Amino acid sequence: MRSEKMTHGLEKAPHRSLLYALGLTREEMSRPLIGVVNSANEIVPGHLHLDIIARAVKDGVRLAGGVPVEFPVIGVCDGLAMHHEGMSFSLPSREVIADSIEIMATAHPFDALVLIPNCDKVVPAMLMAALRLNIPALLVSGGPMMGGTHRGKSCDLISVFEAVGQVRTGTMDAGELAELETEACPGCGSCAGMFTANSMNCLSESVGLALPGNGTIPAVTAQRVRLAKTAGMKIMELLAKNIRPRDIVTEKSLRNAVTMDMALGCSTNTVLHLPAVFAEAGLKLPLEFFDEVSRATPNLCKLSPAGHHHLSDLHQAGGIPAVINALAGLGLIDASALTVTGLTLGENLAALNARILDPDVIRAHAPYSPQGGIAILRGSLAPDGAVVKQSAVAPEMMRHTGPARVFNSEEAASAAILGGDIKKGDVIVIAYEGPKGGPGMREMLSPTATIMGMGLGADVALITDGRFSGGTRGAAIGHVSPEAAQAGPIALVREGDAIEIDIPERKLNLLVTEDEMARRRQGFTPLQKTVASPLLRRYAKLVSSAAKGAVFE
């Protein structure tokens, strides 16, 4: 056992003395030590209840004969960090969390890990750490929030973001907005739609590193606590069988994860996170692979923001196992892939009797689209690629050409949108928000939600080298690469330039002649921002392109 580096041998007497100081007994030191990585805090709604989940995990470990040892990591709520300087720290937190887990689990050599995330960057960070360390590990999240209800209709956090635009245009008054604020997020859990946190929790289940139910069992249920207890027991089985994350994460699971991504209509942030996760297993996941799989995978689900269903609806409809089973029936899933149950995906499906219980939520019989939820665009504006959640784009905007409205920050664009300066047909371009240029690649949920709330979702596009929340809908095209800070074409767009968007043909072009672009490049130097934060300065130096998952190089 790895923990014997701390507990066994004459020369480890000082180590044992320190472990005795924790209250451990000699008998406990002879048993496996299981690290329980808890991202609980009192500021993130998705993490508020994680102490309950951690307690259940530890109970499960003890039931199976192990000794649980809990340690914390940080977590950022993107909703609270949105639209101010805090968002610059969200994506960098992924690397900080992964590094901190590696540090803790190497300095204190645990025999195995149970990882407890819930929101946004915490899920991919924990998966990255598990694969990097490659000791027996599994992930059990805190689960999704229930949807809210406002005046008889379902709602969630995105309803509030979009209501800001409605108030601005007079289709909602401030009193109703104040009412909606108290109803949209009814309690703990990761926000209720297929936003980034829930996307990654569902894909963790799909890739095999989390137990069935991880992505969809609601946070507030006893079933979620039982899942956590089961996870604590299951980690002892993985340890006994020496099943490690890299035994599970293979080429098979890579394709399965991307296929599920497309079928579920997940957040565009998965195009950043999955490459970073699989890179820790030595597997490459280029943008072209996402598009290849998308073209062959039907879009079976439209959860908020693309539709009106929430994660609790998906759970009642059969959850992720039902979707996997439907795709396996189409020959799109490799059911021989191993999972943390110790069984293959196919064996899990048989044991669960996985099936669709609500065909209105999981539309295997009549997919929303023959293609998946995400498309990769290329062209003169994005030579290295750009990403759009095509399942959430209005039909009118699937093909669009319009004049560029150019801004060098999210704040400047938001002011123009709220000020009524954006007209139907405009293509908003926000540059210098990429991984290096931001730095930190901020999410643009506030401007996109305001566009939708103002009734411009079928008339206005937004293009950026930054990224979008999983809650974004509309013609929102992000991850434009190369980014402006690296002198990409997006830095050379001028007010009024015509931009062509053709999502079905996967095109994103700046309709400017090559001679004119050559003139603009002469003597051009990208905008240099003054960055006060030492962390962000280091991040900007190390981070790669969004097209590579914004991993460190």
Side-chain angles (χ1 to χ4, degrees), residues 45-46 77-84 86-87 144-187 189-196 198 265 267 302-313 389 391-397 405 407 410-428 430 442-462 464 468-476:
C77 175
D78 280 17
L80 294 173
M82 196 74 64
H83 203 50
H84 61 82
M87 180 49 72
M145 186 185 291
M146 299 297 291
T149 303
H150 173 66
R151 299 190 177 183
K153 295 182 178 180
S154 66
C155 61
D156 54 38
L157 180 65
I158 304 310
S159 307
V160 187
F161 271 98
E162 294 185 359
V164 173
Q166 293 174 280
V167 171
R168 177 64 69 180
T169 58
T171 55
M172 179 184 289
D173 60 41
E176 184 178 352
L177 175 58
E179 181 183 319
L180 176 61
E181 289 174 22
T182 66
E183 298 168 337
C185 299
S190 47
C191 295
M194 191 57 82
F195 314 143
T196 305
N198 289 327
S267 164
K302 277 203 174 186
L303 282 72
S304 176
H308 63 277
H309 296 125
H310 291 114
L311 266 291
S312 56
D313 299 311
K389 188 172 184 173
S391 60
V393 177
E396 300 93 325
M397 293 300 292
R405 303 298 311 280
F407 305 93
E410 177 193 5
E411 289 83 358
S414 292
I417 296 165
L418 286 169
D421 294 338
I422 301 302
K423 309 302 180 186
K424 290 184 177 182
D426 284 349
V427 178
I428 300 167
I430 306 179
R442 294 192 294 175
E443 287 185 347
M444 304 287 147
L445 178 56
S446 290
T448 58
T450 303
I451 288 168
M452 297 303 299
M454 294 176 73
L456 296 172
D459 302 288
V460 170
L462 193 155
T464 180
F468 295 109
S469 163
T472 289
R473 61 189 178 112

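Just so it is clear, the values below take in all heavy atoms, side chains as well, and ignore hydrogens, waters and symmetry mates. Nothing here was measured: the structure is a model prediction, and the numbers come from that model.
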Separation between OG1 (T149) and CG (L180), nearest 0.5 Å, reads 11.0 Å
Margin query: Test your reading of the model: is there a side-chain donor-acceptor pair from K389 to the backbone of R473, 3.5 Å cut-off?
Written below: no
**OP:** Verify, without hydrogens or angle tests, whether S304 (side chain) and H310 (backbone) share a donor-acceptor contact under 3.5 angstrom.
**Re:** no
Examine distances only and state if a side-chain atom of H84 and a backbone atom of G86 form a donor-acceptor pair shorter than 3.5 Å.
yes
*Could you check R151 against E183 for salt bridge (Lys or Arg N to Asp or Glu O under 4.0 Å), going step by step and ending with a plain yes or no?*
CA-CA 10 Å; R151 299 190 177 183; E183 298 168 337; over 6 Å; no
Q) Has the side chain of T464 got a donor or acceptor atom that lies under 3.5 Å from a matching backbone atom of I430? A) yes
To the nearest 0.5 Å, atom CE of M87 lies from atom CG of L445 at 8.0 Å
Closest heavy-atom pair, G147 versus P186, reported as atoms and distance to 0.1 Å, is O-CG, 3.6 Å
Interatomic distance, CG@D459 vs CE@M397, rounded to 0.5 Å, equals 7.0 Å
dist M82:CE -> R442:CZ (nearest 0.5 Å) comes out at 10.5 Å
Note to self: H308 vs K153, test: side-chain contact (heavy atoms from CB on, under 4.5 Å). Steps then yes/no.
What the structure shows: CA-CA 10 Å; H308 63 277; K153 295 182 178 180; over 6 Å; no
Shortest non-hydrogen pair, T472 vs A392, comes out as O-CB, 4.4 Å
Q. Do F195 and D78 have side chains that get closer than 4.5 Å, going by heavy atoms?
A. no
CG of L311 to SG of C191, rounded to nearest 0.5 Å, is 10.5 Å
>> Any heavy-atom pair between the side chains of R168 and T450 that's under 4.5 Å?
In response: no
Taking every heavy atom of V460 against every heavy atom of G425, the minimum-distance pair comes out as CG2-N, 4.4 Å
Practice item. Would you please say whether a donor-acceptor pair under 3.5 Å links the side chains of S446 and S414? Key: no
Heavy atoms of T196 and S267 approach each other most closely as OG1-OG, 2.9 Å
Minimal heavy-atom distance between S190 and N198, with the atoms involved, is OG-OD1, 2.6 Å
d(D313 CG, L303 CG) to nearest 0.5 Å is 7.0 Å
Notebook entry, point to check: Do P447 and E410 come close enough that some side-chain heavy atom pair is under 4.5 Å?
Noted result: yes
Please examine the side chains of P45 and M145, heavy atoms only from C-beta on, and report whether any two atoms are closer than 4.5 Å. yes
For G265 and S391 the tightest heavy-atom approach is CA-OG, 4.2 Å
Main-chain N/O of I428 paired to D426 side chain as donor or acceptor, under 3.5 Å | no
